[in-house]
Amino acid sequence: MTSGRARLLRDMVRIRVVEETLADYYRDEQQMRTPTHFSIGQEATAVGVCAATTTRDWVYTAHRSHAPYLAKGGNLKAMVAELYGKQAGCAHGRGGSIHLVDREVGFAGSAAILGEMIPVAVGTAWAFARSGEPRAAITFFGDGATEEGVFAESLNLAAVRRAPVVFVCENNLYSISSSIGARQPAGSTIRDRAEAAGVTAVQVDGNDVFAVHDAARLALRHCREGRGPYLLELATYRWREHVGPGFDHGHDHGYRPVEETEGWMARCPILRATETLREQDPDIDRTVAEWRVRFDDEIQSAVAYAKEQPFPDIEALLDGVYQPVPR
Amino acid sequence: MRTLTYWQAISEATVQCMEADESIFIAGEGVDDVKGTFGTTKEAFARFGASRVIDVPNSENATAGFAVGAAAGGLRPLLVHTRADFMFLALDPLVNLAAKWRYMYGGDKGGVPVVTRGVVGRGWGQGATHSQSPHATFAHYAGLYVAAPASPADAKGLLVQALTGDTPVVLVENRNLYPLTGEVPAEAIGIPFGVGRIARRGDDVTVVATSLMVHEAERAAGQLAERGISAEVIDVRSLRPLDERIICESVARTGRLVVADTSWARYGFTAEVAAVVAEHIPDALTAPVRRLALPDCPAPVSWPLEEAFHPGAGSIVEACLQLCGQAPVDLPALADVAAGFQGPY
Ligand SMILES: Cc1ncc(C[n+]2csc(CCOP(=O)(O)OP(=O)(O)O)c2C)c(N)n1
């Protein structure tokens, strides 16, 4: 059971199990002292896109970073240790949830400021193109980030320079608690804005991992062939609150109706992929159940590992501002 | 040694570094045009062409982020802003990313050596936005180096250091210095950041200055000598790191401190130097610190207002005389360094 399609499902299950477990620990123990933005419900975008990359392609993201980090193959233990603020963390406890990095696999960084990594990916893509290698840079961001001026600047710059960059907009309809209807004109799309700037762009169902993956492969091929930047607008939905472990749909939060959230939860990307695969593999549900057990073990031991690890040495507070951390 | 102008020194440093290191590229609005950023990017464009001297859209924010990404991808960007005010639009990538990159990604993943040149300075009624020098703004943030070369030799040496080091750097160039000539070594030798220079020796009062004010201070020292006062002029060269030692050693000897800057006093370079002295050698001062900075208003355009706005050698002379217990005197007026500026831009 290792077909490419099953692997996409498996990677989504892993991210789901990891994030759900982390959310529980986060809420119950309050030992992860870093604002976490979970992607539960949005796994198909991260997995579908990252599975189309190689470790030579670099991914940058905004704050909602765990899923793309894991989808890109980022080290789980190092991520969890980072959330716990430990020296063994992927950024030695200096970065936290919003500054994940794993250069080995091409996860080049995530950042807290909306839109900030969008031009960074354009610059990296340009550097790749200059070296003549068929590599691409990918940048994940939300619909909210597209309202930042730097998004428009970056589309233009990328188009003018024909940078091999894939802009990946995870359009989950909300920026914290503001719906897209309150922020962007009715009838307008992010894809249209990209196209107007001369960037090839498509809209895809972001809860259909296979559709996302196919679109991402096309986008990456387009980049590798030197045909310039590409934008994927992926429609999806986050299940949890904007930041933190809880569910926040319902009366006390008031910004999105329960029915809306439940409707999207019914369109769970994992359920959908499982249903699709069931046609060829009647045993898929058992396989998924096995994966859940396996990934639960994996995340439990990563959490145990992270907890055992020492905090950074206070003496080393200033290390790494100007010089590398001494090893 | 041969003599070059300040702008020629910058151009030479750029070309030599680009020759030695293929990963260096220049990006900026109009860096490839006939004026070539006050002449400083002209030869680089002629030599290396449009693939390494790239004209960018009017997108300061995206361009700075682009530079961060290019640096992360192994290149060495040299960004150029013909007015440093435009750098405010690039604050996010420079301050939130470039300065913090190495630290927030764990310190051992490598930094992003983005070098940014920003042109500042008065002249022909540049006005509130075009006539300001944000060096202290950038010097506030750990992770960046900030330098303001005053001489052609330093303009070359500090740029060479910036383009060969691994720290993001902001270089602030006062446009009034471009025509200034001085001896410049032919080789591309870096001048380390954080090492100040004694521009003139003296024993009675220390004038710590940066950029254009170094020249005003040197003129002032000349006049003070006629009054029997020997002023030591210190050019800090870089604001971050700051050479605290050279400042404290001098003040410990003279007991008097005047700090002169081309920007405002509050939370600025002059405040920093005064604090360094107060922290390290509180007993050394025999008179209060005097700060010469811009009045607390944006730069006005009208000629007489603009003249009154910028402190020059005359006010340094006055402050030093006062600290040394001498009455103000009518000395012959000094030609302003900025008076050499050729308009109209
Ligand atoms: C420049 C900037 N403005 C505001 C914020 C505060 N903020 C953090 S996340 C967020 C919502 C972003 O929405 P979106 O880009 O759609 O991403 P999502 O959280 O939905 O994944 C906002 C407004 C910020 N981090 N940066």
Side-chain angles (χ1 to χ4, degrees), chain A residues 58 60 78 82 87 89-96 98-103 108-113 115-128 130-131 135 137 139 148-158 160-161 163 165 316 318-327, chain B residues 22-23 25 27 51-52 54-77 79 89-93 95-114 141-145 165-169 193-194 240-241:
Chain A
W58 283 13
Y60 291 99
E82 188 60 33
Q87 180 66 25
C90 59
H92 304 312
R94 271 50 164 204
I98 0 189
H99 297 121
L100 298 181
V101 66
D102 191 340
R103 277 285 185 87
S110 61
I113 308 294
E116 193 171 58
M117 286 303 201
I118 299 175
V120 174
V122 179
T124 296
W126 186 73
F128 288 166
R130 248 186 53 137
S131 72
R135 302 166 73 179
T139 173
E148 300 289 351
V150 75
F151 173 62
E153 290 186 18
S154 300
L155 288 174
N156 182 54
L157 186 56
V160 166
R161 291 270 149 211
V165 56
L318 302 186
D319 287 359
V321 179
Y322 289 100
Q323 270 90 43
V325 170
R327 288 185 180 263
Chain B
E22 278 204 349
S23 68
F25 72 95
S51 64
R52 289 183 69 192
I54 68 170
D55 182 26
V56 291
N58 300 314
S59 311
E60 296 77 10
N61 186 348
T63 300
F66 174 91
V68 167
L75 297 182
R76 284 187 165 274
L79 299 182
L89 287 91
L91 270 175
D92 174 46
V95 171
N96 283 323
L97 280 185
K100 298 169 176 54
W101 193 273
R102 193 196 286 284
Y103 191 81
M104 73 188 175
Y105 295 119
D108 55 0
K109 313 287 191 298
V112 283
V114 175
Y141 297 98
L144 290 178
Y145 282 168
D166 57 5
T167 299
V169 178
F193 294 105
R240 181 189 271 269

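Letters A, B, ... mirror the listed sequences (proteins, then strands); counts begin at 1. What you are looking at is a predicted structure, and each value in this text was computed from that prediction instead of being measured.
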task = Output yes when a side-chain donor or acceptor of B/K109 lies under 3.5 Å from a complementary backbone atom of B/R102, and no otherwise.
result =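 No, B/K109 side chain to B/R102 backbone: no donor-acceptor pair under 3.5 Å.
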
Highest number of heavy-atom pairs under 4.5 Å with chain A: which of [options]?
options: B/G73, B/S23, B/S59; result: B/S59
options: B/N58, B/N96, B/V112, B/V56; result: B/N96
options: B/P57, B/A72, B/A142; result: B/A72
options: B/D92, B/T63, B/V68; result: B/D92

ask   = Do you know which of A/G93, A/A91, A/G123, A/G96 has the most heavy-atom pairs under 4.5 Å to chain B?
value =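 Max contact count across the listed options: A/G123.
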
ask   = Counting heavy-atom pairs under 4.5 Å to chain B, which of A/L318, A/I98, A/V101, A/V120 comes out on top?
value =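 The answer is A/V120.
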
request  = Find out whether the Lys NZ or Arg CZ of A/R135 is both under 6.0 angstrom from the six-membered ring centre of A/F128 and within 45° of the ring's axis.
outcome  =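 Output yes; distance and angle both within limits.
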
Under 4.5 Å from any heavy atom of chain B, what part of [X] do you find: side chain, backbone, both or neither?
X: A/Y60; result: side chain
X: A/S110; result: backbone
X: A/A121; result: neither
X: A/I118; result: neither

ask   = In Å, rounded to the nearest 0.5 Å, how long is the span from CD of A/E153 to CD of B/E60?
value =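 Going from CD on A/E153 over to CD on B/E60, the span is 6.5 Å.
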
message = If I take atom CE from residue A/M117 and atom OG1 from residue A/T139, how far apart are they, to the nearest 0.5 angstrom?
response =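 OG1 of A/T139 is found 8.0 Å from CE of A/M117.
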
inquiry  = Heavy-atom cut-off 4.5 Å, strictly under: side chain, backbone, both or neither for B/L75 against chain A?
reply    =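 B/L75 touches chain A through side-chain heavy atoms alone.
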
request  = Can you tell which part of B/L89 gets under 4.5 Å to a heavy atom of chain A, answering side chain, backbone, both or neither?
outcome  =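 For B/L89, neither part sits under 4.5 Å from chain A.
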
message = Suppose we screen for side-chain hydrogen bond (donor to acceptor under 3.5 Å, both in side chains). Which residues come up paired with A/S154, at least two apart in sequence or across chains?
response =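 With sequence neighbours excluded, A/S154 shows a side-chain hydrogen bond (donor to acceptor under 3.5 Å, both in side chains) to no residue whatsoever.
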
request  = Please list, chain by chain and in numerical order, all residues satisfying side-chain hydrogen bond (donor to acceptor under 3.5 Å, both in side chains) with A/N156, sequence neighbours excluded.
outcome  =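 Applying side-chain hydrogen bond (donor to acceptor under 3.5 Å, both in side chains) to A/N156 gives none.
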
ask   = Does the gap between the ring centers of A/Y322 and B/Y103 come in under 6.0 Å?
value =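 Between B/Y103 and A/Y322, which both carry aromatic rings, the centre distance is not below 6.0 Å.
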
request  = Fit a plane to each ring of A/W126 and B/F66, take the angle between them on a 0 to 90° scale, and name the class: parallel (under 30°), tilted (30 to 60°) or perpendicular (over 60°).
outcome  =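 Taking B/F66 first and then A/W126, their aromatic rings sit tilted (interplane angle of 30° to 60°).
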
